[in-house]
There are 2 protein chains.
Amino acid sequence: MSGALKDAIRVERPAKTLRELALDKVREAIVNGYFRPGDRLVERDLCAQLGVSRTVVREVLRHLESEGLVANLPNKGPIVAQLDIEEAKQIYEIRGALEGMAARLCAERRSPEIVAALEESLAGIRNSYRDNDMSAVLTNTSSFYHTLFTMVDRNVAWGVVNLLTVRINHLRSMTIKTERRSIEGPLQMSKIVDAIRRGDGEGAYQAAMDHVAAASAIAEAVLSAKKPAD
Amino acid sequence: MSGALKDAIRVERPAKTLRELALDKVREAIVNGYFRPGDRLVERDLCAQLGVSRTVVREVLRHLESEGLVANLPNKGPIVAQLDIEEAKQIYEIRGALEGMAARLCAERRSPEIVAALEESLAGIRNSYRDNDMSAVLTNTSSFYHTLFTMVDRNVAWGVVNLLTVRINHLRSMTIKTERRSIEGPLQMSKIVDAIRRGDGEGAYQAAMDHVAAASAIAEAVLSAKKPAD
DNA sequence: AATCGTATTATGGCGTACCAGATACTGTAG
DNA sequence: CTACAGTATCTGGTACGCCATAATACGATT
């Protein structure tokens, strides 16, 4: 049997280790608010809730810690990381720089496939907004940026953006619910696509920056309006 | 006792857990080449070498995995991550974008303190080159960028850059050994400082981009010259 | 009654032992 | 000399136990 083909019939295994499953569960639980920022994450409780051993739980906590989703208080143990407004702004800023970079690269490549793929994602976002399916808005937005990065083979930058994005996920879900966002969001994204279509690197860069800047502004408003009420 | 002062007399403790110590050890061992890319990291061997239990070793390996220093082959276990040239280029590119951003912010702030701090680091680099102390070159370079980011309160971006940098550390130690680098490197960095001094945001951005672009080019040359000989 | 010391509890940090499943290695029988 | 079975190796995962520390509750002493 010669190399290239032997993968074709390879039996697909679950392949996910228990640890990875647990990791996803806990991350999701944090991201979608089941665990609130500041909540303590007691190892033995998590063992019970997840139905896995402490070893696995601890590895998961370590992993989330290095993702910035969990903070570890010395002698007190892990808690869900608090997101302060300053940090959130920085994350948006970084995303702007990287997404702008990717957008510029897409524009410079002048490939119709990229434009097509982006427009498909964009259509998905519009549909999700129309259907009021906010969770779908998030995943489609994610896929929009995913294509933006991967079409120009920037998987590392995409990884970084992803890593940062989970930390502000609850902010994201709040910003997209803002009234004007349902109109302005897709509009700004279509400006990115337009610039890419005309091969306007600088324009694409600016449009991408503008989009996250807008998101950042909304997030800041939301966050500063909420913290005092805490 | 009123809040702001109570930290002043706080007694500080060692606070480092065994896990953190082990993490640093292993990371350093990978970064400075004691473990080579592709080497298997057998858990029980590490236990013996580090003198700690498997629990700790496993958590450390998970952590390094999420840092990208260690890769995990399913059912075969962890190995030291291989750095392919494509990934290295992407990392340099991201650093360029972020360091350029930070440099621009520094320039726009027009603060003499920033310039002073940067020049001090730069002097340190020059001295280290003069003394042929390559390890000191690396730490001083690191401190140069550290000030670049932290002086404008961009600690998140600094974290990202740091995370990425460890992955290309052996490349860094090769690029700085290049003949011309000892002259051109500091020269390019002084251009960044100059632009910041004149408050030229765009110039600082470009200078920072140029610097990493040069590093990237050298790294690519080094890497592609070495891989075939492998 | 206020304060101080002590016991208890909760929890993380760490270690050990064990088992199951996958893989790599090896020696032997045909 | 090959095929196959057995074995060693290693990770993935689990269970359990011990110790240190922090917080809290409680009780004693002045």
Side-chain angles (χ1 to χ4, degrees), chain A residues 1 3 6-7 9-27 29-30 35-36 38-67 69-82, chain B residues 1 6-7 9-27 30 35-36 38-67 69-82:
Chain A
M1 189 174 315
K6 75 164 184 275
D7 283 351
I9 62 158
R10 186 171 206 88
V11 41
E12 192 99 14
R13 256 178 306 189
K16 282 254 189 185
T17 67
L18 197 54
R19 182 175 60 243
E20 291 172 287
L21 296 174
L23 176 62
D24 291 343
K25 283 276 185 207
V26 177
R27 189 193 291 121
I30 293 176
F35 293 126
R36 302 305 212 42
D39 279 3
R40 294 191 60 183
L41 298 170
V42 178
E43 292 180 2
R44 288 166 172 93
D45 291 355
L46 283 179
C47 293
Q49 290 184 51
L50 295 170
V52 297
S53 76
R54 248 182 101 198
T55 310
V56 171
V57 167
R58 292 185 55 136
E59 287 173 336
V60 166
L61 289 175
R62 277 341 128 214
H63 197 114
L64 293 172
E65 192 183 341
S66 72
E67 279 183 16
L69 272 182
V70 164
N72 229 324
L73 309 181
N75 291 323
K76 283 199 71 176
I79 63 170
V80 178
Q82 318 258 10
Chain B
M1 191 175 321
K6 73 163 184 275
D7 283 350
I9 61 159
R10 187 172 207 89
V11 38
E12 60 186 282
R13 262 173 306 190
K16 281 258 185 183
T17 67
L18 198 54
R19 181 177 63 244
E20 293 171 287
L21 295 174
L23 176 62
D24 291 343
K25 284 278 186 204
V26 177
R27 184 176 18 229
I30 293 176
F35 292 127
R36 302 304 210 43
D39 279 3
R40 293 192 62 181
L41 297 170
V42 177
E43 291 180 3
R44 283 163 172 97
D45 291 355
L46 284 178
C47 293
Q49 290 184 53
L50 296 171
V52 297
S53 77
R54 250 186 95 204
T55 312
V56 171
V57 167
R58 289 183 58 152
E59 286 173 332
V60 166
L61 288 173
R62 278 341 130 213
H63 197 113
L64 293 172
E65 192 184 341
S66 72
E67 279 183 17
L69 272 182
V70 164
N72 229 324
L73 309 181
N75 291 322
K76 281 198 69 178
I79 62 172
V80 178
Q82 317 259 11

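Labels below follow one simple rule: chain letters A, B, ... track the order of the sequence lines, proteins then strands, and each chain is numbered from 1.
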Open item on the list: Under 4.0 Å, counting only non-hydrogen atoms across every strand here, what does B:Leu41 touch: a base, just sugar-phosphate, or nothing?
Closed with: sugar-phosphate
Heavy-atom distance under 4.5 Å between the side chains of [X] and [Y], does that happen here?
X       : Y       : answer
B:Val26 : B:Val57 : no
A:Arg27 : A:Leu64 : yes
A:Phe35 : A:Leu46 : yes
A:Val70 : A:Ile30 : yes

Open item on the list: Quick check on DNA chain D: between A:Leu18 and A:Lys76, whose nearest nucleotide comes earlier from the 5' end?
Closed with: A:Leu18
Counting side-chain heavy atoms from C-beta on, which of [options] comes nearest to [X]?
X       : options                : result
A:Val56 : D:dT14, D:dC18, C:dA24 : D:dT14
A:Val52 : C:dC14, D:dT14, D:dG13 : D:dT14
B:Arg54 : D:dG12, C:dG13, D:dC10 : D:dG12
B:Ser53 : D:dG12, C:dG12, C:dG15 : C:dG15
B:Asn75 : C:dG13, D:dC10, C:dA22 : C:dA22
A:Arg58 : D:dG12, C:dC14, D:dC10 : C:dC14

Round to the nearest Å and state the distance from [X] atom [atom1] to [N] atom [atom2].
X       : N      : atom1 : atom2 : result
A:Glu43 : D:dC18 : CD    : C1'   : 15 Å
B:Arg19 : C:dG13 : CZ    : P     : 5 Å
B:Glu59 : C:dG12 : CD    : C1'   : 10 Å
B:Leu23 : C:dC14 : CG    : P     : 12 Å
B:Lys16 : C:dG12 : NZ    : C1'   : 18 Å
B:Leu73 : D:dC10 : CG    : C1'   : 13 Å
B:Ile79 : C:dT23 : CD1   : P     : 16 Å

Task: Donor-acceptor contact below 3.5 Å, side chain B:Arg62 vs main chain A:Arg58 - done: no
Task: 5'-most by nearest nucleotide on DNA chain C - B:Thr55 or B:Arg40 - done: B:Thr55
Open item on the list: Between A:Arg62 and C:dG13, is there a contact of a side-chain N or O with OP1 or OP2 at under 4.0 Å?
Closed with: yes
